[in-house]
Amino acid sequence: MLIQRIAVGEIKLPLKVPFKTALRTVTDVHDLVLIIETDTGHQGYGEAPATAVITGDLLGSMRAALALIAPRLLGRDLLDFNALLATVHQSVVHHSSLKAALEIALYDLRAQQFGVPLYQLLGGGTPRLKTDITISVNDSATMVQDCLRAVAEGFDALKIKVGGRTWREDVDSTLAIYRAVGPHVALRLDANQGWTPKQAVQVIQALEAAGVALEFVEQPVKAGDVAGLKFVTDHTLTPILADEAVFSVTDALHILATQSADIINIKLMKTGGISQAIEVANLTKRHHRTCMIGCMLESGISVTAAAHFAVAHADVVTLIDLDGPQLCQGSAITGGLNMDGPWISLSDAPGLGITAVHGLTDVQQY
Ligand code: MG
């Protein structure tokens with residue numbers, strides 16, 4: 001199976017409601033899509049969003065990096081898989097989202113080559129997951145309304161965006177949500193770096209004192225402030241999750257070794273794809289901690305890949321935050337993951353099980 005052609009294009013899907021965090025407001029998913037074709041007529045699909053404020057990736061910068069990497073992959077054999085991954089990772093530093101899209105397409109092809117769904121290639125498991133759903137940061141009444149709607153749709157875990165306003169407002173809206181949905185809905189707070197370490201401790205201790213049992217608090221402080229993250233972890237009982245603070249295996253090792261967080265959020269767009277996500281998961285397991293699998297504003301292709309990864313590593317990836325396709329109006333793919341309320345299921349079709357992508361624009365070929 002030789003790599004014959006690499007096509008890159010873009011998909012745009014409007015979001016059902018604007019996505020608002022402490023870092024940004026977004027109204028569309030506008031992602032890069034890769035299709036790697038082989039001499040046997042197989043197609044591997046990959047996807048990457050341009051999450052400028054988190055990964056630094058832009059649609060244009062991903063295309064520029066692809067122009068460097070794509071010619072180095074053409075004509076190569078899928079059986080030389082590790083060498084292909086090395087080319088992806090060693091051709092350029094950073095660019096983790098583009099690397100993820102390339103890896104996803106290559107893993108898709110490799111699983112097709114062996115005639116198995118990707119999760120089986122990665123070690124097997126039960127191809128069914130239950131995800132949370134994101135609630136954007138808004139005034140309390142809107143957030144309560146959004147939470148009640150999500151609970152009515154069957155979600156029993158809500159990822160609530162906070163930060164970027166006064167800490168009192170964060171406490172008040174969380175209390176209002178907790179009172180509205182009750183104690184049986186798991187509440188996950190994501191501050192997206194929106195607090196100082198002391199503010200974070202203030203918010204979390206206030207909620208702990210009020211009897212709100214949060215499942216975890218995600219990335220309370222700036223991505224680079226590992227000492228601040230550890231301060232929050234050391235001064236609260238609520239589990240603390242590192243998201244923007246962990247891209248690479250090296251980042252994860254540092255956070256785990258210094259006990260700066262309790263949980264690691266793996267996103268393929270941060271690790272640069274599946275191979276390093278596996279490394280982070282294994283490392284976390286060795287430190288007796290757990291992971292969440294998350295996504296950026298991604299649609300069906302890369303979230304399908306993340307779901308396959310999570311299924312195969314369910315012993316350590318115990319929290320699922322793969323709501324990207326749920327937030328979009330419509331879908332750009334045929335095949336891939338199936339979503340029914342909070343439930344994600346994967347078919348036993350080879351690879352990612354994606355057979356077509358629709359509405360691709362600005363297509364370029366290598
Ligand atoms: Mg996050």
Side-chain angles (χ1 to χ4, degrees), residues 15 18-26 29 48-57 96-97 100 131-138 143 146 150 155 157-165 170 173-174 177 186-197 199-200 203-204 214-226 228-229 232-233 236 238-248 251-252 255 260-272 277 280-281 284 289-298 302-303 306 309-310 317-327:
L15 292 169
F19 182 86
K20 295 187 204 170
T21 75
L23 292 172
R24 57 185 180 144
T25 297
V26 184
V29 163
T51 317
V53 292
I54 298 174
T55 64
D57 294 302
S96 58
S97 301
T131 181
D132 62 15
I133 193 158
T134 302
I135 306 296
S136 284
V137 59
N138 274 304
M143 292 180 81
D146 291 346
F155 290 91
L158 305 174
K159 195 162 111 157
I160 299 156
K161 295 292 189 181
V162 290
R165 52 186 183 173
D170 284 332
S173 63
T174 307
I177 290 166
L187 299 186
R188 307 168 172 184
L189 293 196
D190 188 357
N192 286 103
Q193 315 175 49
W195 296 323
T196 65
Q199 281 170 342
V203 173
I204 297 165
L214 298 172
E215 193 174 18
F216 61 74
V217 172
E218 178 168 345
Q219 198 61 49
V221 300
K222 295 281 180 230
D225 187 6
V226 176
L229 190 65
V232 180
T233 301
T236 55
T238 303
I240 304 298
L241 182 147
D243 181 9
E244 289 97 318
V246 177
F247 273 53
S248 65
D251 295 338
I255 296 277
S260 298
D262 302 291
I263 310 167
I264 303 289
N265 190 354
I266 296 176
K267 291 177 180 166
L268 300 184
M269 298 303 141
K270 295 186 299 171
T271 56
V280 173
T284 305
R289 293 286 190 267
T290 54
C291 298
M292 179 160 84
I293 180 73
C295 60
M296 304 290 185
L297 281 175
E298 301 166 40
S302 48
V303 173
F309 159 77
V317 181
T318 57
L319 297 160
I320 311 296
D321 175 30
L322 295 178
D323 61 350
Q326 287 275 9
L327 306 178

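One-based numbering, in listed order, for ligands and for the atoms of each.
Side-chain contact check for Thr134 and Asp323: at least one donor-acceptor pair (N or O, by modelled atom type) lies under 3.5 Å.
Side-chain contact between Asp243 and Lys270: present, with at least one pair of heavy atoms (C-beta onward) separated by less than 4.5 Å.
One N or O on the side chain of Ser136 and one on the backbone of Pro18 form a donor-acceptor pair closer than 3.5 Å.
Shortest distance from the Mg ion (ligand 1) to Asp190 is reached at OD2 (N/O/S atoms only). Looking only at its N/O/S atoms, Glu218 has OE2 as the one nearest to the Mg ion (ligand 1).
In summary, Asp243 places an N/O/S atom under 2.8 Å from the Mg ion (ligand 1), meeting the contact criterion.
Listed by chain and number, the residues in a side chain to side chain donor-acceptor pair (under 3.5 Å) with Arg188 are Asp132, Glu215 (sequence neighbours excluded).
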